[in-house]
Novice: 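Before I ask anything, let me first share the structure, which is written out below as structure tokens.
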Amino acid sequence: TEDELFPFRGIVLAWRLARLVSIPLSALTIIAAYLTALAIYPQRRLFALTVAGFVAFVPRFVFNSAVITDDNLVIPLVTFAIYYQVRIIQGDKRLQTLLILGAVTGLAVVTKYHSFVLLLEIAFVFLVLAWRNQGEWKDWLKRWAWVMLSFVVTTGWWFFLIFSRFNRVAELGLVPGLLAPLGDPTTTEVASLQPESLAISWNWIAPVFRTFWIVARPADPFWLDAIYLILIVLTIVAVLGLLRLTYRRLTSRRQHKWRLDIALLGLNLLLYLAIVFG
């Protein structure tokens, strides 16, 4: 309509300005992906650029980068949380790194509450590192405490506000009533231990796959279905290749060192798949 034409005003102007924020936030995600790949394989800059390029051109990512959504803030925060965990795995024990990890994790949680799974990741990483260096349990406990202190400082004010002013304990009970202000019914149902909230919704698998690659409506032309079929085949080939590589490493006579930094990426993927399909 004419209200949406230049010069922009009111809500239309607000939309346009907000989209100008979305684009650089998404660019931060690409940068974080590049830094993470480069940290894992320091001598392979071309590989790191390829990883960043893959992230940049995933159709759903391109689409989200051009609209107004809280995903554009939470995704770079989560990605940088992974990056700093990789740094810690590789021996970065500086207080600065620990505090930044706690802060970006806290900001991710405030932005979208599903980011609480990052705390599980961090606990897993620190437990494994402490186990690998069994003489340093106290040191790793102190480092974890610094991360959690930074996390609490970043998030404490927000959760105190919403839990104290908007809880529904009298109506729903203690745990569901405290979680209700988070605004996520799935979180509340899980806290209530309702079986249907814990089961995988298989009806989501096909839509999630389709919308990850291409944002499409039900009335797609045939050629879009053909593209999806090609992508399914390539995905299966990629998964089989990873399984084959894993099997060869497990059965090889050569001793392959288990890499926690790469395992972290797999753990993060599994945790977020559980959130999407749960």
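Bear in mind the structure is a predicted one, so any value in this text is a computation, not a measurement.
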Novice: Quick one: are Thr105 and Tyr84 in side-chain contact, heavy atoms under 4.5 Å?
Specialist: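 When only atoms from C-beta onward are counted, Tyr84 and Thr105 do not touch, as no gap falls below 4.5 Å.
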Novice: Please give the remaining members of the hydrophobic cluster of Ile230, linking ILVMFWY side chains under 4.5 Å, ordered by chain and number.
Specialist: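 Answer for Ile230: Leu234.
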Novice: Do Gln90 and Arg259 have side-chain heavy atoms sitting under 4.5 Å apart?
Specialist: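 Yes, at least one pair of side-chain atoms sits under 4.5 Å.
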Novice: Indicate yes or no for a side-chain donor-acceptor contact from Ser150 to the backbone of Ala103 under 3.5 Å, with no hydrogens or angles considered.
Specialist: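 Yes, Ser150 side chain to Ala103 backbone: donor-acceptor pair under 3.5 Å.
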Novice: Within a strict 4.5 Å, meaning less than it, do heavy atoms of the Leu118 and Val109 side chains meet?
Specialist: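 They are not in side-chain contact.
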Novice: Examine distances only and state if a side-chain atom of Ser115 and a backbone atom of Ala108 form a donor-acceptor pair shorter than 3.5 Å.
Specialist: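 Such a contact is found between Ser115 side chain and Ala108 backbone.
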Novice: Which one of Leu17, Leu25, Ile23 satisfies the side-chain contact (heavy atoms from CB on, under 4.5 Å) criterion with Val21?
Specialist: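 The passing option is Leu25.
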Novice: So do the side chains of Phe80 and Ile100 get within less than 4.5 Å of each other, counting heavy atoms only?
Specialist: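 With C-beta onward as the side chain, the pair stays apart.
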Novice: If hydrophobic clusters are built by linking Ile, Leu, Val, Met, Phe, Trp and Tyr wherever their side-chain heavy atoms come under 4.5 Å apart, do Phe47 and Leu265 end up in the same one?
Specialist: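 Both belong to a single hydrophobic cluster.
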Novice: Indicate the atoms forming the closest heavy-atom contact of Val55 with Ala33, along with that distance.
Specialist: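 In terms of heavy atoms, the two residues are closest at CG2-CB, 4.0 Å.
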Novice: Quickly, which of Val117, Leu101, Ile88 forms a side-chain contact (heavy atoms from CB on, under 4.5 Å) with Ile122? Name it, please.
Specialist: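 Result: among Val117, Leu101, Ile88, Leu101 is the only option passing the side-chain contact (heavy atoms from CB on, under 4.5 Å) with Ile122.
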Novice: Relative to Trp140, does Arg143 satisfy both conditions: NZ or CZ under 6.0 angstrom from the six-membered ring centre, and within 45 degrees of the ring's axis?
Specialist: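 The answer is yes; both the distance and angle limits are met.
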Novice: If we only count heavy atoms from C-beta on, is the Ile82 to Leu264 side-chain gap below 4.5 Å?
Specialist: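 Heavy-atom side-chain distance check passes, below 4.5 Å.
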Novice: Flag yes if Trp137 and Met148 sit in one hydrophobic cluster, no otherwise; membership is Ile, Leu, Val, Met, Phe, Trp, Tyr, and two members link when side-chain heavy atoms are under 4.5 Å apart.
Specialist: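 No, separate clusters.
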Novice: Taking atom types as modelled, is there a side-chain donor on Asp70 or Thr111 under 3.5 Å from an acceptor on the other?
Specialist: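 Absent: no donor and acceptor within the cut-off.
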Novice: Please, which pairs that meet side chain to side chain donor-acceptor pair (under 3.5 Å) have at least one residue in residues 121-131, sequence neighbours excluded?
Specialist: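 Qualifying pairs: Gln85-Glu121, Glu121-Asn268.
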Novice: Within the side chain of Ser26, is there an N or O that forms a donor-acceptor pair under 3.5 Å with the backbone of Asn72?
Specialist: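 Pair absent, no side-chain N/O of Ser26 close to backbone of Asn72.
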Novice: With a 4.5 Å limit on heavy-atom distance, are the side chains of Tyr83 and Leu38 in contact?
Specialist: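 Side chain of Tyr83 against side chain of Leu38, heavy atoms only: no contact under 4.5 Å found.
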Novice: Inspect the surroundings of CZ in Arg94 and state if more than 12 heavy atoms from other residues, nucleotides or ligands are less than 6.0 Å away.
Specialist: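 Atom CZ in Arg94 is packed in, count exceeds 12.
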Novice: Out of curiosity, Arg44 CZ to Leu49 CG, how far, rounded to the nearest 0.5 Å?
Specialist: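 Those atoms lie 12.5 Å apart.
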Novice: Please list, chain by chain and in numerical order, all residues satisfying side-chain hydrogen bond (donor to acceptor under 3.5 Å, both in side chains) with Trp158, sequence neighbours excluded.
Specialist: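 By the side-chain hydrogen bond (donor to acceptor under 3.5 Å, both in side chains) rule, Trp158 matches Tyr113.
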Novice: Any side-chain heavy-atom pair from Phe124 and Leu127 closer than 4.5 angstrom?
Specialist: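 With C-beta onward as the side chain, the pair stays apart.
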